[in-house]
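What follows is a short report on a single structure.
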2 protein chains.
Amino acid sequence: MSDDGKMPVKCSGEEWCPLTATANMMSKKWHPVIIHRLLDSGSSGFNELKDEVGGVSSKVLSESLEDLEEKNIVNREVISEKPFRVKYSLTERGQELESTVQEMIKWGEKNLKQADE
Amino acid sequence: MSDDGKMPVKCSGEEWCPLTATANMMSKKWHPVIIHRLLDSGSSGFNELKDEVGGVSSKVLSESLEDLEEKNIVNREVISEKPFRVKYSLTERGQELESTVQEMIKWGEKNLKQADE
DNA sequence: CGGCATCCACATGGATACTG
DNA sequence: CAGTATCCATGTGGATGCCG
């Protein structure tokens with residue numbers, strides 16, 4: 001009833017609404033790219049992900065991943081202790097962001113140019 | 001070739017990419033709601049929009065609209081001088097954000113609850 | 001009605017260095 | 001490898017009041 005093309009969702013005042021909630025979730029600078037990279041790769045280690053994202057510092061990546069973990073978008077798994085290794089991947093909830101990410105990419109490709117900003 | 005289900009888009013390093021560009025565009029707190037409200041209403045005056053959005057101050061709404069104007073998402077038109085009136089509406093580019101907004105709403109409805117935050 | 005001016009608080013991110 | 005610790009600059013938004 002909410003995906004029939006109409007927009008019954010109102011986001012007024014202090015009321016909770018799915019739009020602002022989702023926006024709030026994606027609003028940190030590196031979140032969309034992190035999600036996109038994990039959608040693409042399936043899973044990555046910390047520094048591996050850092051390279052794939054590119055331009056992000058350890059501190060910020062660490063903070064972002066922690067935030068995404070709390071929100072159940074990203075899953076962190078320690079896969080080895082000897083040489084210490086972890087594996088980041090998307091939860092089911094995280095994978096369901098794929099269509100949103102795709103729409104953002106489509107819109108950006110169609111409507112923005114590098115020169116714009 | 002980019003909407004066939006695959007994800008050829010890479011967003012590494014300092015390179016420009018449509019995902020981060022779009023994310024950057026939507027990243028201010030009230031932008032998504034403003035766009036959503038204008039998609040819904042077609043057009044609104046300043047204070048009318050302020051009420052529809054709810055909870056935003058004049059200053060911030062003004063800044064947001066100015067930002068969205070610069071990015072050619074929102075159109076501002078003065079429709080009367082005697083009693084001074086303006087009309088804000090979405091540009092074509094802005095209207096094309098509908099599917100992105102819809103995906104965000106769908107995801108939020110499915111995956112978030114009010115209690116979550 | 002449709003803003004702008006001010007001031008302030010806090011969130012966010014970058015650079016760099018260091019650790020188990 | 002996978003982070004943490006500092007420090008600092010800037011971004012972003014809220015409250016309030018005033019103006020043409």
Side-chain angles (χ1 to χ4, degrees), chain A residues 11-15 19-21 23-35 37-38 41 43-71 74-89 117, chain B residues 11-15 19-21 23-35 37-38 41 43-71 74-89 117:
Chain A
C11 291
S12 293
E14 312 300 327
E15 305 161 27
L19 214 208
T20 48
N24 186 43
M25 231 249 8
M26 301 280 288
S27 68
K28 284 195 180 173
K29 181 167 182 178
W30 299 100
H31 285 199
V33 196
I34 291 171
I35 292 165
R37 295 291 77 214
L38 288 176
S41 68
S43 69
S44 303
F46 186 86
N47 285 315
E48 188 182 359
L49 188 53
K50 184 168 178 249
D51 290 341
E52 285 176 348
V53 169
V56 64
S57 71
S58 311
K59 180 202 148 199
V60 174
L61 179 58
S62 180
E63 284 171 356
S64 300
L65 287 169
E66 199 175 340
D67 187 49
L68 288 169
E69 265 187 270
E70 279 172 16
K71 287 163 173 159
V74 158
N75 195 33
R76 177 181 184 269
E77 193 184 349
V78 177
I79 57 172
S80 154
E81 291 285 0
K82 264 271 295 204
F84 188 55
R85 271 167 197 285
V86 297
K87 186 177 82 177
Y88 289 99
S89 57
E117 28 214 313
Chain B
C11 293
S12 294
E14 313 301 327
E15 305 160 28
L19 213 207
T20 48
N24 186 44
M25 233 248 16
M26 302 279 288
S27 69
K28 283 195 181 173
K29 182 167 180 178
W30 300 100
H31 284 200
V33 197
I34 292 170
I35 292 165
R37 295 291 78 215
L38 288 176
S41 68
S43 68
S44 304
F46 185 85
N47 285 315
E48 187 182 359
L49 188 53
K50 185 170 178 244
D51 290 342
E52 285 175 348
V53 168
V56 65
S57 70
S58 312
K59 180 203 147 198
V60 174
L61 179 58
S62 179
E63 284 171 355
S64 301
L65 287 169
E66 197 175 342
D67 187 47
L68 289 169
E69 265 186 271
E70 278 172 16
K71 287 163 175 160
V74 158
N75 195 32
R76 177 181 185 268
E77 193 184 349
V78 178
I79 57 172
S80 154
E81 292 283 1
K82 264 270 295 203
F84 187 55
R85 273 167 196 284
V86 296
K87 186 176 84 175
Y88 289 98
S89 57
E117 23 215 311

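Given the structure is predicted, the values throughout are model-derived calculations rather than measurements. In the text below, chain A, chain B and the rest are named by the order of the sequence lines, each starting its count at 1.
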Please name all residues satisfying side chain to side chain donor-acceptor pair (under 3.5 Å) with S64(B), sequence neighbours left out, ordered by chain then number.
->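 Testing S64(B) for side chain to side chain donor-acceptor pair (under 3.5 Å), a comparison that skips the adjacent residues, returns none.
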
| said: Please enumerate all residues that pass side chain to side chain donor-acceptor pair (under 3.5 Å) together with S41(A), with sequence neighbours excluded. | reply: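 Here the qualifying residues are S44(A).
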
Scoring nucleotides 6-11 of chain D by protein non-hydrogen atoms under 4.0 Å (B base, S sugar-phosphate only, - none) yields BB----

Return the value, rounded to whole Å, for the distance between atom [atom1] of [X] and atom [atom2] of [N].
| X | N | atom1 | atom2 | value |
| --- | --- | --- | --- | --- |
| L61(B) | dG3(C) | CG | P | 8 Å |
| E63(A) | dA15(C) | CD | P | 14 Å |
| D67(B) | dG3(C) | CG | C1' | 17 Å |
| K50(B) | dT16(D) | NZ | C1' | 11 Å |
| K28(A) | dT12(D) | NZ | C1' | 14 Å |
| K87(B) | dC1(C) | NZ | C1' | 17 Å |
| L65(A) | dC1(D) | CG | C1' | 14 Å |
| K29(B) | dC10(C) | NZ | C1' | 12 Å |

Hey, does the side chain of [X] come within less than 4.0 Å of [N]'s phosphate (OP1/OP2), counting only N and O?
| X | N | value |
| --- | --- | --- |
| S57(B) | dG14(D) | no |
| R76(B) | dG3(C) | yes |
| Y88(A) | dC1(D) | no |

* Do V56(B) and L49(B) touch side chain to side chain, with heavy atoms closer than 4.5 Å? ->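 They are not in side-chain contact.
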
Nearest 0.5 angstrom please: L65(B) CG to K50(B) NZ, how far?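 L65(B) CG to K50(B) NZ: 12.0 Å, rounded to 0.5 Å.
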
### Query
Which part of the nucleic acid does S58(B) contact within heavy-atom distance under 4.0 Å: base, sugar-phosphate only, or nothing?
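Touches a base.
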
H31(B) side chain to M25(B) main-chain N or O, any donor-acceptor pair under 3.5 Å?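 Here the side-chain-to-backbone pair exists.
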
Q. Among dG14(D), dC1(C), dA2(D), which is the nearest nucleotide to the side chain of N47(B)?
A.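 Nearest to the side-chain atoms of N47(B), counting from C-beta on, is dC1(C).
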
Could you name each residue pair satisfying side-chain hydrogen bond (donor to acceptor under 3.5 Å, both in side chains) that touches residues 75-84 of chain A, not counting sequence neighbours?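 Output for this query lists R76(A)-Y88(A).
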
Using atom names, set out every protein N or O paired with an N or O of nucleotides 18-20 of chain D below 3.5 Å, distance rounded to 0.1 Å.
none

Relative orientation of the end axes in the helix from dC1(C)-dG20(D) to dG20(C)-dC1(D), expressed as an angle to the nearest 10° (five pairs per end):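 Taking the rotation axis at each end, their angle is 50°.
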
